[in-house]
Every structure is written in C-alpha cells, then in structure tokens.
Colleague: 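Starting off with a structure, shown below.
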Amino acid sequence: QVQLVESGGGSVQAGGSLKLSCAASGRTLSNYAMAWFRQAPGKEREFVAALTWISTTPHYADSVKGRFTISRDNAGNILYLQMNSLKPEDTAVYYCAAGGQGGFTIVDRMAYDFWGVGTQVTVSS
C-alpha cells in the first residue's frame, strides 16, 4: 500500500517562504510520477508542480514558475515543495500525489492514484 503524508504547512505574511514535505511509503514509488496540487475554497483542485521518474526536468504551473521548486530524494521517498515569494492567492490546501500516469498528462488529476490528506497554507496580505 502507498501512503503519502504532507507536513510543513502554516501561516505566513505575503513575500514569505514555506517548505512542504511529503513522506511517501511504498515499494515502487521510485518509478512513480509525484506532484503537488492545491485547492482553495470554492475552487477546483489545481496542478502546482510535478516530477516524473523518466525525466529530471520539473514541471510547474505558470502561476508558480520562478517562485516554487519541487524536488525529491534519490529513492523517491520524500517529496518537497519550496515556496518563496508567497502571495495571498497561494492560500490553499496543498496535496501530495503519486501515480503511474496511466496515459494522462502530469498536470491531470487522473494521472495520480495516491493522495495525501493535505496541509493548509495561508498567506496574509
């Protein structure tokens, strides 16, 4: 069974930084795509950033490019999201996800089979 547990959320002022972590357990996680999504009140869950096992190039939503950095350890056991220059519009519950893609693009929620329960990030004006 694959389990994902997020941590590192909290409240910061605009312009501040937070680093999220996702602890992953599972025998084949090193071959999975891993990603961060977020969901704000009244909005659909949206793609933030992802890494795949076949590419070393990270992918980011346009809204976070240049501000957020996704990374993971070599074994794929821990996924990170470094968030800098935070804006109030970044306020959301952030979710860690993992999956084999199944023919879906990495920005599609359907590409991921396993999800954490989320961690709250609040950015004050």
Side-chain angles (χ1 to χ4, degrees):
Q1 182 178 353
V2 174
Q3 182 171 283
L4 306 173
V5 181
E6 303 97 336
S7 63
S11 298
V12 297
Q13 295 288 320
S17 298
L18 284 173
K19 187 173 184 178
L20 306 183
S21 298
C22 173
S25 62
R27 190 172 184 85
T28 61
L29 286 180
S30 63
N31 294 326
Y32 280 24
M34 297 191 72
W36 291 95
F37 285 73
R38 66 187 183 186
Q39 187 167 18
K43 299 180 68 176
E44 294 294 314
R45 192 170 299 187
E46 67 174 355
F47 172 78
V48 176
L51 290 172
T52 68
W53 69 274
I54 61 172
S55 175
T56 60
T57 303
H59 298 264
Y60 298 99
D62 288 342
S63 59
V64 306
K65 285 181 180 177
R67 300 189 298 119
F68 290 10
T69 302
I70 187 171
S71 61
R72 63 180 171 187
D73 65 355
N74 290 334
N77 294 321
I78 306 175
L79 184 72
Y80 301 99
L81 186 68
Q82 177 66 51
M83 305 185 293
N84 298 325
S85 301
L86 283 162
K87 305 174 181 179
E89 49 263 46
D90 294 317
T91 295
V93 176
Y94 283 70
Y95 297 91
C96 177
Q101 298 191 51
F104 294 92
T105 70
I106 59 173
V107 305
D108 194 325
R109 291 188 298 170
M110 294 298 295
Y112 303 95
D113 302 308
F114 307 101
W115 295 83
V117 300
T119 186
Q120 177 71 48
V121 171
T122 302
V123 184
S124 301
S125 300

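Quick caveat, the model's predicted, so the values are computed rather than measured.
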Colleague: Which pair of heavy atoms, one from E6 and one from C96, lies closest together, and at what distance?
Modeller: OE2-N, 2.8 Å
Colleague: Yes or no on side chain to side chain contact (heavy atoms under 4.5 Å, CB included) for I106 and Y112, after CA distance, side-chain angles and deciding distance?
Modeller: CA-CA 8 Å; I106 59 173; Y112 303 95; 3.6 Å; yes
Colleague: Search all heavy atoms of A49 against all heavy atoms of L81 and return the closest pair with its distance.
Modeller: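 Shortest heavy-atom separation between A49 and L81 comes out as CB-CD1, 4.3 Å.
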Colleague: Are L51 and F47 co-members of a hydrophobic cluster defined by side-chain heavy atoms under 4.5 Å apart?
Modeller: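 F47 does not cluster with L51.
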Colleague: Can you find a pair of side-chain heavy atoms, one from L20 and one from V121, that are under 4.5 Å apart?
Modeller: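 In short, these two side chains touch, coming nearer than 4.5 Å.
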Colleague: Would one find more than 12 heavy atoms of other residues, nucleotides or ligands at under 6.0 Å from atom CD of E89?
Modeller: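 Result for CD/E89: enclosed.
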Colleague: May I ask you to check if R109 and F37 form a cation-pi contact, with NZ or CZ under 6.0 angstrom from the six-membered ring centre and within 45° of the axis?
Modeller: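 Checked: cation-pi criterion not met.
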Colleague: I'd like to know if the side chain of Q39 and the backbone of A92 have a donor-acceptor N/O pair within less than 3.5 Å.
Modeller: no
Colleague: Step by step, work out the side chain to side chain contact (heavy atoms under 4.5 Å, CB included) result for R38 and V64.
Modeller: CA-CA 12 Å; R38 66 187 183 186; V64 306; 4.0 Å; yes
Colleague: Parallel, tilted or perpendicular: which one describes the rings of Y94 and F68, with boundaries at 30° and 60°?
Modeller: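 Aromatic pair Y94/F68 classed tilted.
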Colleague: Is T91 reaching over with its side chain to a backbone N or O of V123, donor-acceptor style, under 3.5 angstrom?
Modeller: yes
Colleague: Does any part of the side chain of R67, heavy atoms only, come nearer than 4.5 Å to the side chain of M83, both counted from C-beta?
Modeller: no
Colleague: Which atom names give the shortest non-hydrogen contact between T69 and Y60, and what distance separates them?
Modeller: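 Between these two residues, the closest heavy atoms are CA-OH, 3.3 Å.
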Colleague: Testing the basics here: between W36 and I70, what is the closest heavy-atom pair and its distance to 0.1 Å?
Modeller: CD1-CD1, 3.7 Å
Colleague: Side chain to side chain contact (heavy atoms under 4.5 Å, CB included) for L4 and M34? Distances and angles first, verdict last.
Modeller: CA-CA 10 Å; L4 306 173; M34 297 191 72; 4.2 Å; yes
Colleague: Would you say V48 and V107 are hydrophobically clustered, going by side-chain heavy atoms of ILVMFWY under 4.5 Å?
Modeller: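 No: no chain of side-chain contacts under 4.5 Å links V48 to V107.
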Colleague: Taking all heavy atoms of Y80 and all of K19, pick out the closest pair and write down the distance.
Modeller: CD2-CE, 3.6 Å
Colleague: Got a salt bridge between K87 and D90, using NZ or NE/NH1/NH2 to carboxylate O under 4.0 Å?
Modeller: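 Salt bridge absent between K87 and D90.
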